[in-house]
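Reading through the structure tokens given below for one structure.
We use all heavy atoms of the structure for the numbers below, so side chains are in, but hydrogens, waters and symmetry mates are not.
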Amino acid sequence: NNSLLLSEIAVSMASEHGTLELPTQTNLTIKYFNRKVVGTGTVKAWNDALSRIKYRPDEDWNSNYGPFEEVHVIVDGNSAPLRNSILKHKILISVEAIPDAPTWNVVGGKLESTQSQKNDTIYNFYVYE
């Protein structure tokens, strides 16, 4: 239904352990606040933007800390035929731990490598000359 696709809606999305990023070329009015995105636009514009949304987890956070990241979405109809309708939805995202590249430093005349994983597990080892 074309009138539904052209209806204006307000959308609010919030995450607890990461940031949400919408594409820059949209027909939406968007504001970003810390871990929250709010904006207005047509259903069609939101569908297009949400098909290209990016989620970036916080550094060193992954699903090992909890089963999933929860992204809360609230859609509020601003114009007919969606006026006064509110939809609340929760999106669950699983984040896999990925090892970080090691960092090499000279400490006290010794070459030290520290490798941390996204789940904050830190491994230290030393190379002796």
Side-chain angles (χ1 to χ4, degrees):
N1 180 321
N2 202 31
S3 66
L4 180 63
L5 289 176
L6 298 178
S7 297
E8 284 282 321
I9 58 174
V11 176
S12 171
M13 297 180 292
S15 66
E16 189 173 336
H17 303 287
T19 57
L20 302 162
E21 182 182 322
L22 291 165
T24 56
Q25 299 299 319
T26 65
N27 292 321
L28 303 171
T29 302
I30 300 171
K31 292 183 181 177
Y32 291 91
F33 304 94
N34 195 13
R35 298 179 185 280
K36 188 174 184 179
V37 178
V38 295
T40 58
T42 64
V43 171
K44 183 177 185 210
W46 274 106
N47 282 341
D48 180 54
L50 292 173
S51 71
R52 298 178 286 140
I53 194 170
K54 292 181 183 176
Y55 167 80
R56 297 191 194 289
D58 293 342
E59 187 172 333
D60 296 330
W61 185 90
N62 61 63
S63 293
N64 292 338
Y65 291 114
F68 296 99
E69 162 71 286
E70 294 183 2
V71 176
H72 297 271
V73 181
I74 300 173
V75 179
D76 188 359
N78 288 341
S79 62
L82 298 174
R83 186 178 320 278
N84 299 323
S85 60
I86 296 176
L87 170 70
K88 295 180 181 181
H89 189 70
K90 181 171 35 176
I91 301 169
L92 301 177
I93 301 172
S94 178
V95 179
E96 183 179 328
I98 300 173
D100 296 331
T103 303
W104 293 91
N105 298 305
V106 176
V107 178
K110 298 175 185 170
L111 186 61
E112 177 184 299
S113 173
T114 303
Q115 181 181 18
S116 66
Q117 293 182 328
K118 293 293 181 195
N119 64 358
D120 285 338
T121 302
I122 298 175
Y123 299 96
N124 291 315
F125 60 92
Y126 298 91
V127 177
Y128 296 94
E129 296 182 13

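- Listed by chain and number, the residues in a side-chain contact (heavy atoms from CB on, under 4.5 Å) with K36 are S12, A14, F33, V38 (sequence neighbours excluded).
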K54/L20 under side chain to side chain contact (heavy atoms under 4.5 Å, CB included): CA gap, chis, key distance, verdict: CA-CA 6 Å; K54 292 181 183 176; L20 302 162; over 6 Å; no
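- The two residues W61 and P57 have their closest heavy-atom pair at O-CB, 4.3 Å.
- Inter-residue side-chain proximity for V95 and H17 is flagged as unmet; no heavy-atom pair is nearer than 4.5 Å.
- For the pair L28 and A49, the tightest heavy-atom approach, listed with the atom from each and the gap, is CD1-CB, 3.6 Å.
- Around atom CD of E21, more than 12 heavy atoms belonging to other residues, nucleotides or ligands sit under 6.0 Å away.
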T40 and I9: CA distance, side-chain angles, deciding distance, side chain to side chain contact (heavy atoms under 4.5 Å, CB included) verdict: CA-CA 6 Å; T40 58; I9 58 174; over 6 Å; no
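- Heavy-atom neighbours of N47 CG from other residues, nucleotides or ligands within 6.0 Å: above the threshold of 12.
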Audit row: W46, V75, side chain to side chain contact (heavy atoms under 4.5 Å, CB included) steps and yes/no: CA-CA 10 Å; W46 274 106; V75 179; over 6 Å; no
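- Between I93 and E70 there is no side-chain heavy-atom pair separated by less than 4.5 Å.
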Salt bridge (charged side-chain N to carboxylate O under 4.0 Å, His left out) evaluation trace for D48 with R52: CA-CA 7 Å; D48 180 54; R52 298 178 286 140; 2.8 Å; yes
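- No side-chain heavy atom of V43 sits less than 4.5 Å from a side-chain heavy atom of L6.
- For the pair D76 and K88, the salt-bridge criterion is not met [side-chain N within less than 4.0 Å of a carboxylate O].
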Verdict with supporting geometry, V37 and L22, side chain to side chain contact (heavy atoms under 4.5 Å, CB included): CA-CA 9 Å; V37 178; L22 291 165; 3.8 Å; yes
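- The distance from the CD1 atom of I91 to the OG atom of S15 is 10.5 Å, given to the nearest 0.5 Å.
- Distance check: E69 CD to N62 CG gives 11.5 Å after rounding to the nearest 0.5 Å.
- Side-chain heavy atoms closer than 4.5 Å link hydrophobic residues (I, L, V, M, F, W, Y) into clusters, and following such links, possibly through other members, connects Y55 to Y32.
- Atom NE2 in H72 sits 11.0 Å away from atom NE2 in H89 (nearest 0.5 Å).
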